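Everything quoted here is computed from the prediction, not taken from an experiment.
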Number of protein chains: 2
Amino acid sequence: MNDPLSAPRDPAARPQTRIQARNTRAILDAALEVFSAQGFRGATLDQIATEAGLSKPNLLYYFPSKEAIHLALLGGLLDVWLAPLRALDPEGDPRGEIMGYMRRKLDMSRQMPRESRLFANEILQGAPRLKGLIEDDLKTLVDEKAAVIRRWADQGRIAQVDPYHLIFSIWALTQHYADFEMQVRAVLGPDRDPFDEAGIFLDMMFSRLLATD
Amino acid sequence: MNDPLSAPRDPAARPQTRIQARNTRAILDAALEVFSAQGFRGATLDQIATEAGLSKPNLLYYFPSKEAIHLALLGGLLDVWLAPLRALDPEGDPRGEIMGYMRRKLDMSRQMPRESRLFANEILQGAPRLKGLIEDDLKTLVDEKAAVIRRWADQGRIAQVDPYHLIFSIWALTQHYADFEMQVRAVLGPDRDPFDEAGIFLDMMFSRLLATD
DNA sequence: ATTTTCTTTGACCATGCGGTCAGCGTCACG
DNA sequence: CGTGACGCTGACCGCATGGTCAAAGAAAAT
């Protein structure tokens, strides 16, 4: 009843055992690995259990179903994913804020490619499990930040660009390096670092886009 | 031998019946629909058969396995997908060629979102079935066109940008509108046309990026 | 030391799904 | 209009997979 999806057992009474903490973390990490690489239907409980170093029934002792594990992951993800955008400061320097946002998003692609792919998988399939959150939380946040950016543009502090598509472009470009990493690496060859180069390229791209000259 | 992957039976002797043509087309179209929406493992033969208006055994009369259907789709896809890049003319006007490429790619996202998502699914999972083609054909083509673009940059006819990442950025931005269409539409609301707006935005973005001022 | 709660497991079940097969219809062509 | 090749299907098989359960094994609490 009062049992959040990310926690296995009713934590109302006793708080949480050390073993519980360790195992739920292991499970979520293993699930992230498997779900992000195989998609929801492609992943199997056996794979996740093995990856987590548990038996399948033991895994199901901590989470009631495959669906629940997936939801626990997605539930936490959207917040993490949007944190950089939330941090965009209306009082800050327009170019610095937008460039900084792009930077942080690129860093997330580099540091958290599994999360990026998990998210991509979900959206690709039409976001059956995140639709609600996307239409509410995400849309609200983007509307709010888009208004800020529009104000900056109207004040002439950055170029006149559609703020929504500016945000989309940051998403598209940064996530591409995580989601399509295999393709990017295949094309660049083994001796080039995609993320380092992307940083330079995207700096230039957005500098030129936002310049007011 | 002369049997393309999209054809089911050995057509060495008799060419192809009308029924064969109709049904293989129906199957591939249905499979594109289902695979692009559910991924390889998420799709079932029953779904594809139903979508194609056939029974499952009948479907398997035309293709030997689920895998074969998927391969037939992917096999044809890469060529279609890369055609716009192939068309980039070294003798043409640099800005016109690159902007035109971006345009054609965006049109493809609009006209062929299912193909885009099929491809995205494949790359996301690490391209288990396309790896070879990507490391050979695709890499070769990109190397070749990147060299062209680099020459243009060195001649001062466009800005000095990394040609590889320029190509990546075109892929990322155009495919984003197909692959993440659900998210884009949720954020923009029902009254805005993502693709029309994207055309304007991307025109501006790449104009500014390539400008030599 | 004993009880109680938490943790783990082997064995098992039901269902979904890819794929097969024997046989029945149907079409095209001489 | 007959005959062979083509097209189609219901019933079936075996395996993978999500999930259950009773009972055994550790920890914690007393």
Report the residue (P57(B) or R18(B)) whose heavy-atom-nearest nucleotide on DNA chain D is the more 5′ of the two. R18(B)

Angle class for the F168(A)/Y164(A) ring planes (parallel below 30°, perpendicular above 60°, tilted otherwise)? tilted

Separation of I27(B) atom CD1 from dC8(D) atom C1', in whole Å? 12 Å

Which heavy atom of Q175(A) sits nearest a heavy atom of K105(A), and at what distance? OE1-NZ, 3.1 Å

Below 4.0 angstrom from OP1 or OP2 of dC6(C), is there any side-chain N or O of N23(A)? no

Output yes when at least one side-chain N/O atom of Y61(B) is less than 4.0 Å from OP1 or OP2 of dG7(D), else no. yes

Classify R41(A) by what it touches in the nucleic acid, base, sugar-phosphate, or nothing, heavy-atom distance under 4.0 Å. sugar-phosphate

Can you find a pair of side-chain heavy atoms, one from H165(B) and one from L188(A), that are under 4.5 Å apart? yes

Measure from CD on E67(B) to P on dC17(C) and round the result to the nearest Å. 18 Å

Quick one: pull up CD1 in I69(B) and OG1 in T24(B) and give me the separation to the nearest 0.5 Å. 11.0 Å

Distance col, row F35(A):CZ vs L28(A):CG, nearest 0.5 angstrom, shows 10.0 Å

K56(A) NZ - dT7(C) P separation (whole Å): 21 Å

Using whole Å, report how far CG of L60(A) lies from P of dT7(C). 15 Å

What nucleic acid atoms does L45(B) come within less than 4.0 Å of, heavy atoms only: base, sugar-phosphate, or nothing? sugar-phosphate

Comparing nearest nucleotides in DNA chain C, the 5'-proximal residue of the pair I19(A), F40(B) is I19(A)

Using atom CZ of F63(B) as one end and atom P of dG7(D) as the other, report the distance to the nearest whole Å. 13 Å

Does a nitrogen or oxygen in the side chain of N58(A) sit under 4.0 Å from OP1 or OP2 of dT9(C)? yes

In whole angstrom, what separates D46(A)'s CG from dG18(D)'s P? 7 Å

Side-chain donor or acceptor of K66(A) under 3.5 Å from a matching atom on the base of dG19(D)? no

Under 4.0 Å between any heavy atoms, over every strand shown, what does A49(A) touch: base, sugar-phosphate, or nothing? Just pick one. nothing

Can you tell me how far P of dG18(D) sits from CD1 of I48(A), to the nearest Å? 8 Å

If the cut-off is 4.0 Å, is Q20(B) near the phosphate of dG7(D), judged by side-chain N/O to OP1 or OP2? yes

Rounded off to whole Å, could you give me the CG-to-P distance for the L54(A) and dT8(C) pair? 7 Å

Counting only side-chain nitrogens and oxygens, does S55(A) get under 4.0 Å of the OP1 or OP2 atom of dT9(C)? yes

